[in-house]
Chemist: 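Let me begin by handing over the structure; questions about it come next.
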Amino acid sequence: MNTYAHRTHTVLDSPVGPLTLVAENGVLCGVYMEDQRHRPPRESFGVPDASGFSHAVEQLEEYFAGGRTAFSLPLALHGTPFQRTVWAALTEIPYGETVSYGELARRIGRPSASRAVGLANGRNPVGIVVPCHRVVGSTGGLTGYGGGLERKRHLLDHELRTARVRAGQPEAAVSSGRTSRGVRPGADRNSATVSSAVRSTAAR
């Protein structure tokens with residue numbers, strides 16, 4: 001019996017390499033990079049079928065083009081209650097900003113659990129859409145990332161440049177080792193977020 005028969009997947013080319021999008025009963029449950037740490041086995045992705053991914057593909061393409069600062073997609077996330085709480089908190093980090101693992105732990109009411117927060121962050125199954133790349137070390141260093149530090153740097157630099165342009169600031173060179181904690185891009189037609197979808201999952 002195939003336990004993954006209800007899943008389908010497709011592959012999207014992106015500036016950070018191919019992204020494997022996985023859906024469960026038509027709802028997005030995974031966005032995985034090539035050679036990503038904790039990437040599930042391929043057989044868990046289900047059958048190749050691009051139908052049903054049009055909204056996710058469109059929104060990811062808009063994100064990489066600089067036209068989208070938040071995602072509006074239903075999600076099916078599987079994890080422990082603690083992991084789902086962390087993932088929900090990730091969706092509250094604004095585009096163009098970063099927070100530390102310690103700060104994220106404080107935000108969920110577990111100030112001494114920064115290490116556990118880091119582990120849950122690394123298990124995020126829906127990369128980019130649930131922005132685990134916006135969590136950095138206590139001094140602002142990039143530290144770990146399941147997709148690799150070069151991809152994390154690319155995503156953060158992309159968001160910071162886009163946020164500056166949206167705020168009417170010069171597109172200054174972005175330091176590869178540090179990110180801004182104070183840029184809040186203006187709202188646009190894509191300002192809806194996945195926060196409610198993740199909170200709904202976390203409450204189950």
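Along the sequence shown, residues carry numbers from 1.
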Chemist: Would you call the rings of Phe71 and Tyr63 parallel, tilted or perpendicular, taking 30° and 60° as the class edges?
Modeler: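 It falls in the tilted class, 30° to 60°.
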Chemist: Can you find a heavy atom in the side chain of Tyr101 that is under 4.5 Å from one in the side chain of Ser138?
Modeler: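 They are not in side-chain contact.
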Chemist: With rounding to the nearest 0.5 Å, note down the distance linking CD in Glu159 to CZ in Arg166.
Modeler: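 Separation between the atoms: 11.0 Å.
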Chemist: Is there a path of hydrophobic side-chain contacts, each under 4.5 Å between heavy atoms of I, L, V, M, F, W or Y residues, that connects Leu77 with Leu119?
Modeler: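 Unlinked, Leu77 and Leu119 end up in two clusters.
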Chemist: Over all heavy atoms of both residues, which pair between Phe82 and Ala113 is shortest? Give the atoms and the distance, please.
Modeler: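 Scanning both residues completely, I find the closest heavy atoms to be CZ-CB, 4.5 Å.
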Chemist: Walk me through it: do Val126 and Trp87 pass the test side-chain contact (heavy atoms from CB on, under 4.5 Å)?
Modeler: CA-CA 9 Å; Val126 188; Trp87 300 338; over 6 Å; no
Chemist: Which atom names give the shortest non-hydrogen contact between Phe64 and Ile128, and what distance separates them?
Modeler: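 So the minimum-distance heavy-atom pair works out to CZ-CD1, 3.7 Å.
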Chemist: How many angstroms lie between atom NE2 of His55 and atom OG of Ser72, to the nearest 0.5 angstrom?
Modeler: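 Reported value, rounded in 0.5 Å steps: 9.5 Å.
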Chemist: What pairs of residues pass the ring pair (Phe, Tyr, Trp, His ring centres under 6.0 Å) test when at least one of them lies in residues 115-143, not counting sequence neighbours?
Modeler: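 Found none.
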Chemist: Are Leu73 and Val130 connected in the hydrophobic side-chain network, where two residues link if heavy atoms are under 4.5 Å apart?
Modeler: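 In one cluster: yes.
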Chemist: What's the spacing between Thr162 OG1 and Arg68 CZ if we round to 0.5 Å?
Modeler: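 Between Thr162 OG1 and Arg68 CZ, I get 13.5 Å after rounding to 0.5 Å.
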Chemist: Taking all atoms of both residues into account, what is the closest heavy-atom pair of Thr143 and Lys152, and its distance?
Modeler: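 Closest approach of Thr143 to Lys152, heavy atoms only: OG1-NZ, 4.0 Å.
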Chemist: Arg153 and side chain to side chain contact (heavy atoms under 4.5 Å, CB included): which single residue from Leu156, Leu155, Asp157 fits?
Modeler: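 Passing option: Asp157.
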Chemist: Does a sphere of radius 6.0 Å around NE2 in His38 hold more than 12 heavy atoms from other residues, nucleotides or ligands, not counting ones at 6.0 Å or beyond?
Modeler: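 Counting neighbours around NE2 of His38, more than 12 heavy atoms of other residues, nucleotides or ligands fall under 6.0 Å, so yes.
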Chemist: Keeping the roles fixed (side chain from Gln83, backbone from Thr80), state whether a donor-acceptor pair exists under 3.5 Å.
Modeler: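 Yes, Gln83 side chain to Thr80 backbone: donor-acceptor pair under 3.5 Å.
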Chemist: Could you tell me if the side chain of Val86 sits less than 4.5 Å from the side chain of Arg123, heavy atoms only?
Modeler: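 Side chain of Arg123 against side chain of Val86, heavy atoms only: no contact under 4.5 Å found.
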Chemist: So how far is it from Arg134 CZ to Asn121 CG, rounded to the nearest 0.5 Å?
Modeler: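 One gets 12.0 Å once the value is rounded to the nearest 0.5 Å.
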Chemist: Can you tell me how far OG of Ser14 sits from CZ of Arg151, rounded to the nearest 0.5 angstrom?
Modeler: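 Atom-to-atom, Arg151:CZ and Ser14:OG are 8.0 Å apart.
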Chemist: Taking CZ in Arg39 as the centre, count heavy atoms belonging to other residues, nucleotides or ligands within less than 6.0 Å. Is the count above 12?
Modeler: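 Yes, because the 6.0 Å sphere around CZ of Arg39 holds more than 12 heavy atoms from other groups.
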Chemist: Using the side-chain contact (heavy atoms from CB on, under 4.5 Å) rule, take Arg110 and Val117 through it: C-alpha gap first, then chi angles, then the decisive distance, then the call.
Modeler: CA-CA 9 Å; Arg110 300 283 297 274; Val117 163; 5.8 Å; no
Chemist: Quick one, Tyr32 with Leu19, criterion side-chain contact (heavy atoms from CB on, under 4.5 Å). Give me CA distance, side-chain angles, the key distance, then yes/no.
Modeler: CA-CA 5 Å; Tyr32 300 105; Leu19 298 175; over 6 Å; no
Chemist: Sub-3.5 Å donor-acceptor pair from the side chain of His9 to the main-chain atoms of Gly46, do we have one?
Modeler: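 Yes; judged by distance alone, with no hydrogens or angles, the pair exists.
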Chemist: Side-chain heavy atoms under 4.5 angstrom apart, residues restricted to Ile, Leu, Val, Met, Phe, Trp, Tyr: same cluster for Val135 and Ile108?
Modeler: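 Same cluster.
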Chemist: First locate atom CD of Glu58, then atom CG of Leu60, and finally report the distance between them rounded to the nearest 0.5 Å.
Modeler: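 Here the interatomic distance stands at 10.5 Å.
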Chemist: Can you give me the closest heavy-atom contact between Ala23 and Cys29, atom names plus distance?
Modeler: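 Shortest heavy-atom contact: C-SG, 4.0 Å.
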Chemist: State, to 0.1 Å, how close His154 and Val16 come at their nearest heavy-atom pair, and which atoms those are.
Modeler: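 Between these two residues, the closest heavy atoms are CD2-CG1, 3.6 Å.
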Chemist: Is there a continuous path of hydrophobic side-chain contacts, each under 4.5 Å between heavy atoms, that joins Leu12 to Phe53?
Modeler: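 In one cluster with Leu12: Phe53, yes.
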Chemist: Show the numbers, then the answer: is there a side-chain contact (heavy atoms from CB on, under 4.5 Å) between Met33 and Tyr145?
Modeler: CA-CA 11 Å; Met33 300 176 183; Tyr145 182 60; 3.3 Å; yes
Chemist: Compare every heavy atom of Arg7 with every heavy atom of Val22, then report the nearest pair and how far apart it is.
Modeler: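 Shortest heavy-atom separation between Val22 and Arg7 comes out as CG1-CD, 4.1 Å.
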